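Keep in mind that the numbers below use all heavy atoms, side chains included, and drop hydrogens, waters and symmetry copies. Computed from a predicted model, the values in this text were never measured in an experiment.
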Amino acid sequence: MPAADDVEADWLVASQAHTVEALDAFIEKWEGSREHREYIRRANQLITQIMNDKSSRMNATEILEARINYASTPDEVCNAVMQLEQLDVITMDTLRESIRQDHNLLSSAACGRIIERGILNRRDLRQCGIDDDFIDNMLHSGFVQNFESPAPLTEIAGGCTEVYFWGIPSSGKTCALGSILSVARNGLSARSMLPDSDCQGFGYMSRLSSVFTPDTVCQLPGGTPVTSTYEMRFQLQDSHLKVHPIACIDMAGELFTCMFLKDAGEQLNNAQQMAMDTLDNILLSNRSVNRKIHFFVIEYGAEQRLYNDLPQVNFLDAAAMHLRRKGVFRDQTDAIYIIITKADKTRLEGQQLEEHLKKYVEQNYLGFYNNLTRICEENEINGGKVKIWPFTIGEVCFKDFCRFNPASAERIVALLMERSYGVKPGRLTKLKDHFRK
């Protein structure tokens, strides 16, 4: 318990900060002290005043969403909802309408807490348009697939097409990769997939490729260590029985911070330096002669989200400039693509969707897009163009579950077979023997 004579100093700091967050922290620290109930009352009054001041600029739904997004744990989300109702800032109708408009407003853990406390019930969720399959999974969710750090990756062996996936943490890269691997493994788009058990990322590939099943509610995978890069080698067989050896490389999300810090002349910690060493090894100092394809993954609608206290566009811009200056795309690169995840949020399809996403990228990530285009022009990659691909894994609810729609992943698998070298099975053995010499 903090010393009693500290309460006045804490109250002065919180009241002068004049933010809901500072006052919430004050209440959390002192609410267990019965002798300081007057301070708690004053803090609640000030929170109400701040909320009322904001209400002239924000409606109840905006305030609710802001508080939920600010909360860092399921209990904090639940407490924020209860507090807003107690202060008459929102009603339960506000919460239900917000959930109806956005089935991902609450994570499964936060929604579970809210149901446990009797704020909402199962019928409320159903009336918000959420299917029973999602509700059942949310209420009975269990093991979440998380991933361990792999052994360091120093080079990519020959005899394959290297396919790189880049994206900051929370870009949707892991889910996109999981859906692509699952589609390949399930015999959709490709005739078959044969994993290479000797590759550095075999365990990661095996777990990730088992996550998604078409037209089934699936629990999304957990996070990967942000400084880890995984190599997943496999063979895809197409409808003409040709075999396409692929090395799919999931680049560490923290690399975007590393490249930003490196170019700013700032210090990298040990884990960040190891991530940069991996990039330098596989794409510069130990670079193979394999053909290469690069996908950059960006989440639709996340342009305002802060990453390490800065908008993600800062890191994307820095990455494109760093990679260009290093000459990463100079040789053996056949194509560079941008994948826009959660593209279904646009509610557009076909040509309209493609045109909208091009404008979206130009409006929010123009410097990044122009740098990639310049790289393609300078190195005669993909006709000097950067293709933008819409991507969705299907309907997502409670941030943790989706009813998997394989269409987007099927397109990527088809693209991999189209842009990679395919050989007859007998010739593949000779090719592998050649690269072992």
Side-chain angles (χ1 to χ4, degrees), residues 163-174 176 226-227 229 249-268 272 275-276 278-280 283-284 292-343 345-346 348 352-391 412:
V163 183
Y164 290 85
F165 283 81
W166 306 78
I168 68 169
S170 301
S171 63
K173 173 167 63 76
T174 300
V226 296
T227 56
T229 292
I249 299 101
D250 182 359
M251 300 299 286
E254 187 69 3
L255 281 170
F256 286 84
T257 299
C258 298
M259 290 184 278
F260 179 88
L261 295 175
K262 195 84 171 176
D263 289 355
E266 299 180 24
Q267 191 69 31
L268 276 62
Q272 291 171 332
M276 282 297 288
T278 297
L279 187 158
D280 290 342
L283 283 169
L284 294 171
K292 297 169 178 64
I293 299 170
H294 294 267
F295 291 96
F296 288 87
V297 182
I298 299 174
E299 179 187 343
Y300 182 83
E303 58 276 3
Q304 297 302 321
R305 181 188 301 154
L306 297 183
Y307 175 57
N308 288 345
D309 299 322
L310 288 172
Q312 61 178 318
V313 67
N314 294 48
F315 297 95
L316 291 170
D317 288 348
M321 290 186 287
H322 179 91
L323 295 171
R324 176 175 175 266
R325 187 169 61 256
K326 288 287 189 178
V328 166
F329 306 106
R330 190 173 297 145
D331 301 311
Q332 297 99 27
T333 301
D334 291 331
I336 298 175
Y337 300 96
I338 295 175
I339 289 178
I340 306 295
T341 59
K342 299 187 179 180
K345 283 186 173 182
T346 65
L348 299 173
Q352 281 187 318
L353 175 59
E354 292 183 10
E355 292 174 358
H356 173 79
L357 290 182
K358 188 172 188 303
K359 291 178 181 177
Y360 171 78
V361 170
E362 291 174 345
Q363 180 179 350
N364 296 286
Y365 305 102
L366 183 59
F368 173 68
Y369 177 71
N370 284 344
N371 269 315
L372 291 186
T373 300
R374 184 176 178 182
I375 289 167
C376 288
E377 293 168 346
E378 291 173 342
N379 298 282
E380 299 181 349
I381 298 169
N382 208 37
K385 296 180 180 179
V386 177
K387 175 74 174 178
I388 299 172
W389 285 70
F391 198 94
I412 298 294

Output the distance between atom CZ (F260) and atom NE2 (H322), rounded to the nearest 0.5 Å.
13.5 Å

Considering non-hydrogen atoms only, spot the tightest contact between Q267 and L261 and give its length.
O-CD1, 4.1 Å

Passing option when V386 is tested against L372, V361, I375 for side chain to side chain contact (heavy atoms under 4.5 Å, CB included):
L372

Restricting to side chain to side chain donor-acceptor pair (under 3.5 Å), what partner residues turn up for K358, sequence neighbours left out?
E362

All pairs passing salt bridge (Lys or Arg N to Asp or Glu O under 4.0 Å) where residues 325-334 contributes a residue, at least two apart
D263-R325, R291-D334

Identify, with sequence neighbours excluded, every residue that meets side chain to side chain donor-acceptor pair (under 3.5 Å) alongside E378.
R324, R374

dist M259:CE -> E254:CD (nearest 0.5 Å) comes out at 10.5 Å

Which distance, rounded to the nearest 0.5 Å, do you find between the CG of L255 and the CD of Q272?
9.5 Å

Please name all residues satisfying ring pair (Phe, Tyr, Trp, His ring centres under 6.0 Å) with Y365, sequence neighbours left out, ordered by chain then number.
none

Out of W389, F368, F391, which residue meets the side chain to side chain contact (heavy atoms under 4.5 Å, CB included) rule with I338?
F368

Exercise: identify the closest heavy-atom pair between K342 and Y300:
O-CB, 3.8 Å

Of all residues at least two apart in sequence or in a different chain, which pass the side chain to side chain donor-acceptor pair (under 3.5 Å) check with S171?
none

Min side-chain heavy-atom separation R305-E299 under 4.5 Å
yes

Can you tell which of I298, I339, D250 makes a side chain to side chain contact (heavy atoms under 4.5 Å, CB included) with K173?
D250

Which pair of heavy atoms, one from L268 and one from M276, lies closest together, and at what distance?
CD2-CG, 3.6 Å

Mind listing the closest non-hydrogen atom pair of L353 and A343 along with its distance?
CD1-O, 4.1 Å

Flag for T257-Y307: side-chain donor and acceptor within less than 3.5 Å
yes

Please report the shortest heavy-atom distance between A302 and Q312, naming the atom on each side.
O-NE2, 2.8 Å

State the CG-CZ distance between L316 and F296, to the nearest 0.5 angstrom.
8.5 Å

In terms of heavy-atom contacts, A275 and A252 come closest through CB-CB, 4.5 Å

For the CH2 atom of W166 and the CD1 atom of I249, what is their distance to the nearest 0.5 Å?
10.0 Å

What do you reckon, is CD of E377 surrounded by more than 12 foreign heavy atoms closer than 6.0 Å?
yes

Suppose we screen for side chain to side chain donor-acceptor pair (under 3.5 Å). Which residues come up paired with N371, at least two apart in sequence or across chains?
none

So, the side chain of Y360 versus the backbone of G301: is there a donor-acceptor pair under 3.5 Å, distance only?
yes

Sole candidate of T333, L323, V163 that passes side chain to side chain contact (heavy atoms under 4.5 Å, CB included) when paired with H294
T333

Output the distance between atom NZ (K262) and atom CD (E266), rounded to the nearest 0.5 Å.
12.5 Å

Do L279 and T229 pass the side-chain contact (heavy atoms from CB on, under 4.5 Å) test, and can you show the C-alpha distance, the side-chain angles, and the key distance before you say yes or no?
CA-CA 9 Å; L279 187 158; T229 292; over 6 Å; no

